[in-house]
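Notes follow the structure.
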Amino acid sequence: MFMETAIDTPESKYEILPKTLSNGEMDGELLEVAMGPQHPSTHGVFRMDVVLDGEKVVKLKPVFGYLHRNHEKIAENTTYLASMPYTDRLDYLCSMTNNWAYALSVEKLAGLQPPERAEYIRIITGELTRLVNHTCLVGFLLQDMGALGTPLMYAFREREMILDLFESLSGSRMMCNYMRFGGCRVDLPAGWLEQAKRAVDSYSGFLDEFEKLLTENEILVARTQGIGVLPPDLAVNASITGPMLRASGVNYDIRKVDKYGIYDRFEFRVPLGDHGDVYDRYMIRLLEMRESVKILNQALRDIPAGPIVDPKAKLRGFRPKVGEAYGRIEGPKGELGFYLISDGTPNPYRYRVRPPSLINLTVLEDMCLGQDVADVVIILGSVDIVLGEVDR
Amino acid sequence: MIIGEFFRGLFLMIWRVATDQPEAKADLLAVFPPSARPVISAVLTVSPIIGIFATLFALTTLLERKGLGRIQNRLGPNRVGPFGILQPVADGLKMLTKEDIIPRSADALVHFLAPVVLAVPTILAFAVLPYGRNLVPVDMDAGILFFFAVGASTELAIFMAGWSSRNKYSLLGAMRAIAQMISYEIPLIISSVSVIMIAGSLSPVEIIAQQGRYLAGGFVPHWFVLTPWGLAGFIMFLIASLAESNRSPFDIPEAESELIAGHLTEYSGFKYALFFMAEYFGMFAVSGLAVTLFLGGWHAPFEFLEIVPSYVWFFAKLMGLVCLFIWVRGTVPRLRVDQLLNFAWKFMLPLSLLNLVVAAVWHFTAAWEFPGAGLGRWLLGAVMIGVPYVWLGRALSGSKKITQRTYRFAD
Amino acid sequence: MLGEGIIKGMVETARNFVGSYSDPERLTTVEYPEDKIPAKENARNFPFLVYDGDDAARGLRCVACQICEKECPPKCIYIVKSKDKKPDYIGKPQFYPAVFDIDVSVCMSCQICVEVCPFEAIKMDTEFELSNPDRFGGLLQDKHRLAKSNEYYHKIHETEAAEVDARLAAEKAKAEAKARADAEAKAAAAAKAATAAATPKPAPNPTTVAPAK
Amino acid sequence: MNQPDPYLVIVVFLVAATLFAVAPLLLAWIWARTFSPRKPGPDKNAIYECGLESKGDAWVQFRSEYYLYGIIFLIFDVETIFLLPFAVAFTKLPVGAFIAMMVFLLLLVEGLVWAWRKGVLKWS
Amino acid sequence: MPLHYYLIFSALLFAVGLAGALTRRNAILVLVGIELMLNAANLNFIAFWRYSPDPNAIQGILFVIFSIAIAAAEAAVGLALIISIYRHYKTTNLEKMDSLKG
Amino acid sequence: MQAAFAIIAALTLVSAIAAMSLRNLVHCALCLAVAFAGLAAMYLQLDAQFVGFAQVLVYIGAVAILVVFAILLTRSGQPVPHSVVSRSWIAGVAIAVLVFCVLTRVILSSSVSQRSLPAKPSPTVREIGNQLMTWYVLPLQVIGLLLTAATIGAVIIAMNERKSAGGDHRVTADQGHGHGHLAAPTGLNEGNATSIASETGSESPAHYPQPEREREVLAK
Amino acid sequence: MNEGLRSELSKQGIFTTTLGDLYNWGRKNSVWPLQFGLACCAIEMIATTMARYDLARFGAEVFRPSPRQADLMIVAGTVTKKMAPQVVRLYNQMPEPKYVIAMGACAISGGPFKQGYNVLKGIDRFIPVDVHIPGCPPRPEALIHAFMTLQKKIETQQLTGVNRPRHLDAEAPSEFPVPKFGGHDLEPPNNPAVWHAPKLVREP
Amino acid sequence: MVMETLEQIKARIENAISGAKPEIIPNESPSAQRSLLLDPAHAVEVAKFLRDDSQLRLDYCSNVTGVDWLDLIIKEKVKVKKVVEGVEKEVEEPVERKRPGYLEAVYHLYSMALKHGPLIIRLRTENRADKNHVPSLTPVWRGAEFQEREIYDLYGIIFDGHPDLRRILMWEGFADHPMRKDYVEPDDYEYEPTPHDEVLEKTKQHHSPEPKP
Ligand code: SF4
Ligand code: SF4
Ligand code: SF4
């Protein structure tokens with residue numbers, strides 16, 4: 001009798017767990033709680049409609065769209081170049097990789113080839129972005145676990161160092177708008193490489209500190225191990241990508257698979273988890289950061305001199321040929337792809353972002369069912385979403 | 001004339017308190033008619049305590065914010081008054097003038113009463129703590145029991161707050177808070193029972209008196225924390241008191257990350273401030289009790305330091321513990337509610353019961369006379385509590401398959 | 001799993017706490033209104049219009065070609081081209097913007113206007129202390145507020161401004177050379193009694209800033 | 001020794017604590033009366049729910065876990081009122097009394113262990 | 001102060017508890033009424049002990065302690081029963097329970 | 001003394017009556033707590049310090065909480081629409097009044113009840129402990145047994161069957177998913193995965209059903 | 001303090017003036033923001049509270065998750081039409097005195113996304129905004145600057161008199177109607193009591 | 001690992017599933033990503049084949065998106081033989097061909113197991129108005145779940161067999177599908193500090209230029 005009142009959508013996808021006990025007795029009532037859109041731990045304006053049985057989650061529906069900013073529509077009404085600054089605002093923690101993915105797709109569409117130095121710069125900035133993203137993620141995750149800001153503060157301390165680099169390179173801390181079709185906007189300013197080397201060198205130290213602070217912490221371990229398990233077969237089928245996929249043990253990293261840019265020149269490994277739980281996702285990100293540091297060291301060592309833009313690239317009056325292209329990179333959150341259809345005009349006919357954050361949320365409910373409410377927030381945190389990208 | 005006497009008495013009282021002399025109030029009381037003396041005397045006892053703790057509360061909030069700031073590589077409040085010292089005043093003023101919202105569907109009376117009912121017992125708990133050599137407001141035979149009794153009544157206040165708000169987060173938070181507080185109350189009491197066993201009294205004054213001796217030429221105080229059972233009891237007491245005062249990592253009831261602000265969600269204005277204050281008062285009270293039970297109360301750490309006024313030591317130790325709480329708060333994440341309850345029932349409770357046995361053994365082996373007996377006793381106690389600790393810890397974490405992990409790498 | 005992890009973490013926080021008193025690495029706070037982090041060379045916030053010389057009205061480099069207006073992604077520039085031409089600071093008659101407004105409450109600091117401007121007339125400012133209780137009065141900037149001198153530009157973006165100046169000088173030299181050549185050619189042509197008129201346009205497109213090295 | 005009656009001090013404490021808690025509330029009320037009027041409204045006084053309109057009642061039926069914990073707590077609470085007199089008298093008591101107390105405790109612990117085994121202490 | 005003050009007060013309390021237990025429909029409140037009656041009895045114990053010629057014979061106190069323990073156990077079991085019944089019949093109303101009979 | 005008694009008695013009685021007559025059960029429980037507190041104060045007045053505090057500890061700290069839990073668990077928190085008293089409430093009140101009258105008569109007629117207050121006793125807690133552990137050891141053990149029995153009994157009664165059956169949400173939840181036809185990927189870990197060095201690697205798949213084929217690949 | 005203000009103050013009498021000063025001092029030094037972020041700007045808002053910029057120096061690090069305890073709503077990010085009712089409701093649920101900072105281009109005007117069909121063109125269409133910070137995102141220092149601007153604004157408010165701020169005026173509204181979802185747009189698309197479309201100042 | 005060519009795949013699909021008629025859509029841009037157009041009737045079967053076939057194993061459906069193709073008037077000049085003034089001549093004559101509009105769902109498939117891809121498949125609706133159904137591929141690839149919902153929300157394609165087809169980004173009760181090319185945005189530019197012509201035009205239609213005081 002309470003079923004009707006508590007659960008609204010009759011066509012809901014998941015069968016609702018039998019609430020009535022075998023002998024017809026019932027225990028407790030379902031409590032419907034909205035978590036979000038203003039909620040301390042949904043990382044922005046995300047909402048989950050959670051149905052609780054005591055503390056257990058029996059149903060969870062993500063609700064999107066609170067940050068639907070019509071990015072795709074705006075991009076279809078404007079030029080290819082003018083969309084570049086908008087990509088910064090997709091996943092606003094990783095503007096460089098967004099730029100890169102978009103530039104890569106347009107280059108595919110228009111047949112441009114960035115020069116060597118530009119490729120190196122892209123790798124450097126891209127991996128720095130990965131560091132920023134993973135660091136912040138871990139900080140936020142711990143924040144969700146109730147660690148009162150300390151890990152987050154340390155994370156942001158390091159983030160500021162990298163943002164300084166970005167700012168002196170592109171002029172803006174977060175919204176770099178740095179890459180261009182066929183290259184990059186400006187060359188590295190004097191002394192940038194040295195500064196970057198210093199930052200990268202100190203990063204391992206920071207990671208050590210971070211791990212000392214947390215990785216062995218009993219509370220963290222107890223809170224994360226065995227929570228939000230994502231089996232690999234489901235992960236693949238649900239198109240999960242990025243660290244979340246690899247935490248489930250599937251070896252798929254587009255940097256290795258597509259070898260886009262010049263990733264085949266670098267030596268790095270792809271860490272894989274065995275359990276696919278929150279702890280694995282946390283650890284995979286820490287390990288990936290260490291690999292990123294490796295890549296950065298190589299790239300900073302080897303970067304050649306030379307031009308930074310493909311001479312064929314045009315800034316004004318850019319009109320690719322009729323056709324379509326899909327380009328993708330391994331963003332910090334997963335596969336970030338851009339699908340473009342050109343009809344020969346200066347504006348793309350169709351502009352589509354494949355948002356890893358959104359698609360990684362497909363399995364949110366599967367991971368949360370049967371867990372506690374308190375786990376929901378850390379599971380969500382471990383998925384690593386940014387609402388700008390989820391809702392676009 | 002009377003006024004002169006009054007001020008002389010007042011001055012003498014302050015002087016005597018400051019110099020640790022007994023009978024501080026006598027001269028001042030002489031001014032008043034005998035029938036009024038008991039009440040005046042009580043008021044003279046009570047008002048400074050509340051005043052001091054209110055100030056301490058203000059300072060602690062600031063200390064906490066600054067301390068957390070320093071832990072987090074930043075400065076913390078420093079612009080309101082010199083070094084930000086007036087920050088709490090500004091906060092208080094603002095809270096006082098803030099609009100007070102009572103949700104429409106809430107139970108207005110209970111909603112109003114909850115913060116009051118919470119604040120009163122926590123303040124009452126200050127009644128039995130001995131603050132200095134001659135400074136104990138109420139010396140009762142069952143003082144410790146009184147402390148626990150008033151501590152127990154705060155749970156109802158939290159329930160009132162959560163229930164009357166009629167908000168889902170509030171009610172969930174309140175239920176969690178109660179579950180947590182009742183679970184940790186038992187370890188809290190039992191871990192102090194070991195002290196009571198050895199001291200043989202429920203009176204805080206007596207317990208402190210038992211810790212007043214010094215060993216090794218005045219350099220090793222005879223505090224209970226320096227015995228194996230005392231140390232174990234102290235640690236358990238601290239953990240339980242963290243939970244009782246809802247401090248991180250046990251701040252589940254107001255777990256921001258899922259329950260907004262728990263039972264406080266619907267409280268605004270000064271009612272919220274009262275909750276906030278009660279949390280800190282609760283923290284002071286349990287720290288005060290921990291100091292009394294385990295850290296020798298107002299006794300100095302070394303004999304030659306006894307010349308320093310005793311209450312200085314008491315408050316120094318108290319603030320030391322408060323700083324420890326802040327430090328913990330700055331470091332650890334929060335436990336989940338079931339883990340927390342598990343921890344209380346499956347770990348703290350057995351160990352605290354075991355600690356009683358250790359204390360008993362300590363008592364029974366007091367008669368040992370052979371050379372090295374002291375050390376032997378110590379080691380015996382340490383092993384008796386340490387081995388089960390390790391075993392239980394292993395067993396509990398093992399049962400949840402919590403392990404060190406290694407990771408594969410693909411090239 | 002017996003509490004060592006927590007102890008380790010507490011040691012780490014304690015190190016940071018103590019370090020915050022001795023080690024500047026561990027006390028990263030910059031007390032903003034008194035201390036400021038020095039602005040980076042490339043830092044950008046909102047555009048401003050560069051003028052040469054010292055008369056803001058005359059020296060504006062902007063010729064109201066409206067390219068930036070068209071390219072600005074959120075369309076926050078509004079230009080009305082003058083009907084007449086006015087001599088600029090070197091005396092060359094040019095169109096000028098009768099109205100040049102930027103709504104900084106919309107501007108996304110993307111620098112695209114700067115990139116597309118063929119005349120090096122619009123540049124990015126580093127000023128950020130613009131918060132204002134008045135939305136329309138305070139944040140809609142007209143050309144008088146936008147105009148900043150070339151010296152100011154040099155002050156905030158030293159290297160870039162030097163490059164720009166060099167480029168402009170080179171262009172000017174080239175244009176003059178071309179004009180001279182044209183004039184000579186014209187003279188020659190006139191001698192041949194042919195009609196030829198060329199208005200040289202500064203064609204090269206300085207969109208992507210050339211490599212610094 | 002003119003130490004007053006302890007209960008008198010406690011009563012005064014009680015009164016003072018109540019005053020201490022109520023006085024600021026009163027002050028706040030006076031402030032609101034004189035200067036800043038309270039302005040209740042349908043939205044402001046609605047239940048907060050993450051910015052959404054609240055739906056469903058919060059006063060729902062809870063699950064019995066809470067009660068199970070409550071039972072065990074009650075039993076152990078009662079146990080402490082036996083434990084405390086024992087503890088106070090402990091130093092003067094024979095070993096036998098200690099053993100008797102241990103038996104008493106063991107009985108209760110047995111209940112706890114039983115409940116543990118039974119999965120009562122599993123918050124699900 | 002004579003003893004009968006306490007005794008009459010205790011009788012009053014007992015009567016209140018009894019009236020509640022007899023009149024309320026809700027099973028929980030019936031239990032609460034019983035609890036009140038038990039408390040009234042406890043008060044008697046204490047009062048008699050206090051007024052006994054040999055106040056150092058503390059049986060009265062011990063009795064009350066035991067009585068508190070028993071009352072607590074009773075409350076635990078009683079409330080558990082109510083919860084269990086509620087689960088069956090979805091009501092704590094005694095009259096309804098009567099009519100359900102099942 | 002008299003005044004204190006009067007105040008405490010009045011408070012206790014009023015809250016007891018309120019506890020028995022209010023409509024909202026949570027209010028009843030709260031009033032009950034006040035009544036308990038009043039009784040504790042009365043114990044203190046009678047110089048039974050230990051019992052007074054024990055009363056607060058057990059009744060307010062535990063029994064009241066239990067009552068509150070029971071109220072929330074049975075959803076009795078909301079005021080009910082119908083009358084809260086039973087149909088025969090007049091009879092109930094009458095019986096209560098009758099009992100009170102009889103009791104009062106008995107009390108007033110007894111000579112014992114006129115006894116006045118003897119000297120202040122000093123029942124220290126130590127005394128209680130001594131007596132408890134010597135003369136009353138047997139009752140103590142009986143109480144221990146009783147409490148244990150009460151725990152077990154109450155838990156059995158209050159616990160529902162599902163708990164003892166150990167049903168796990170996840171299992172059901174997994175079965176409940178609509179997508180029965182997950183692609184079974186194989187060879188995901190193929191080839192390059194170096195050193196499966198996990199200590200727990202062997203037990204990890206227990207968390208989720210790993211497709212059979214994948215195991216084979218891992219084994220290769 | 002300018003002359004007019006001074007004369008005004010002398011009219012009010014010394015008591016209310018000191019009281020008012022005290023009140024303003026307390027309010028301005030203890031502004032607790034609502035823990036509420038919408039988009040990219042929220043990241044910079046978080047960065048402002050972090051070690052490098054440390055908003056805590058102003059006593060404003062106490063980000064409260066519940067609007068009941070918050071004084072300041074920093075609208076940090078794009079307010080979409082789907083989100084706007086929630087924002088308004090949250091604002092309504094804050095106790096007086098309450099302030100709003102519109103942080104970033106989006107919150108002021110829709111910013112870069114103002115051409116979007118689901119983007120609200122400025123939160124000041126529904127609730128009164130105290131301080132606007134342009135920028136996309138504004139630098140953390142800009143937020144601190146805005147915060148100080150707000151403090152200055154609070155400082156000059158008077159306790160009594162006709163110029164007293166909204167929250168001290170019993171007649172002034174303290175909550176604003178929450179817009180409803182319509183077929184294509186919010187209904188109403190703005191609150192005319194709060195937002196006046198200013199005159200177009202120039203010829204097209 | 002290299003994937004088979006599109007032609008090979010097409011042939012194998014035709015072999016394996018009788019009645020399926022995939023069609024290759026060319027792509028002349030430098031990316032050369034051609035795609036397979038599937039007929040809705042066999043789409044699910046083909047998708048299953050693509051996923052399970054041991055050589056393809058396209059287990060990972062990366063990107064799903066909608067495209068709106070409006071009715072297109074294609075103007076061509078066709079040579080027609082005509083009798084003009086009695087003489088049969090070849091005359092070029094403008095012909096207007098109408099390609100009816102349709103909605104399209106595009107799926108980008110990769111293989112995680114064999115690490116190849118992409119294979120692009122497309123599904124088309126019959127028209128843009130009422131015959132806007134295509135089969136849902138969510139039962140084959142869970143990853144398509146939210147993306148198909150999004151397409152439904154923004155383009156209005158109805159996916160038959162989708163487990164939970166509701167609006168995802170816009171609110172319930174939203175009347176239109178905003179990403180369609182012909183969607184008319186609500187006019188809420190009552191005031192625009194930097195008004196461009198089209199904005200002013202729009203404003204004029206809906207609002208009196210005189211704002212309320
Ligand atoms: S910076 Fe970008 S948004 Fe701002 S005016 Fe220039 S082009 Fe427009
Ligand atoms: S592009 Fe440059 S010259 Fe042209 S209008 Fe804009 S600022 Fe002026
Ligand atoms: S103003 Fe810019 S940074 Fe801020 S929310 Fe809008 S787009 Fe993001």
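FYI, side chains are in, hydrogens and waters are out, and symmetry mates aren't considered; it's all heavy atoms of this structure. These figures come from a predicted structure and were not determined experimentally. A note on names: the letters A, B, ... follow the listed sequences, proteins ahead of strands, and every chain is numbered from 1.
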Q) Are the side chains of Y267(B) and D100(B) in touch, meaning some heavy atoms are under 4.5 Å apart? A) no
Q: Can you check whether anything in residues 95-106 of chain G gets within less than 4.5 Å of chain B, heavy-atom wise, and list it by number?
A: P95(G), E96(G), P97(G)
Q.
Donor-acceptor pair, distance only, cut-off 3.5 Å: does the side chain of D54(G) make one with the backbone of G76(B)?
A. yes
**Q.** L75(B), part contacting chain G, at a heavy-atom distance under 4.5 Å
**A.** both
Q.
Quick check with a 6.0 Å cut-off and a 45 degree axis cone: is R27(G) positioned over the face of Y23(G)'s six-membered ring?
A. yes
Q | Part of L55(G) within contact of chain B (heavy atom distance under 4.5 Å) | A | neither
(Q) Given heavy-atom pairs under 4.5 angstrom as the criterion, report whether the side chain, backbone, both or neither of Q87(B) touches chain G. (A) side chain
(Q) Can you classify the ring geometry of F284(B) versus F53(B) as parallel (below 30°), tilted (30 to 60°) or perpendicular (above 60°)? (A) tilted
**Q.** From Q151(G) atom CD to W25(G) atom CH2, the distance as rounded to the nearest 0.5 Å
**A.** 11.5 Å
Q | By salt bridge (Lys or Arg N to Asp or Glu O under 4.0 Å) - contacts of R247(B) (at least two apart) | A | E64(B), E279(B)
Q. By a 4.5 Å heavy-atom criterion (distance strictly below it), what part of L86(B) contacts chain G: side chain, backbone, both, or neither?
A. both
Q: Check each atom of F58(G) against the heavy atoms of chain B and say whether the ones under 4.5 Å are side chain, backbone, both or neither.
A: both
Q) Is it the case that K98(B) places NZ or CZ above or below the six-membered ring of W32(G), under 6.0 angstrom from the centre and within 45 degrees of the axis? A) no
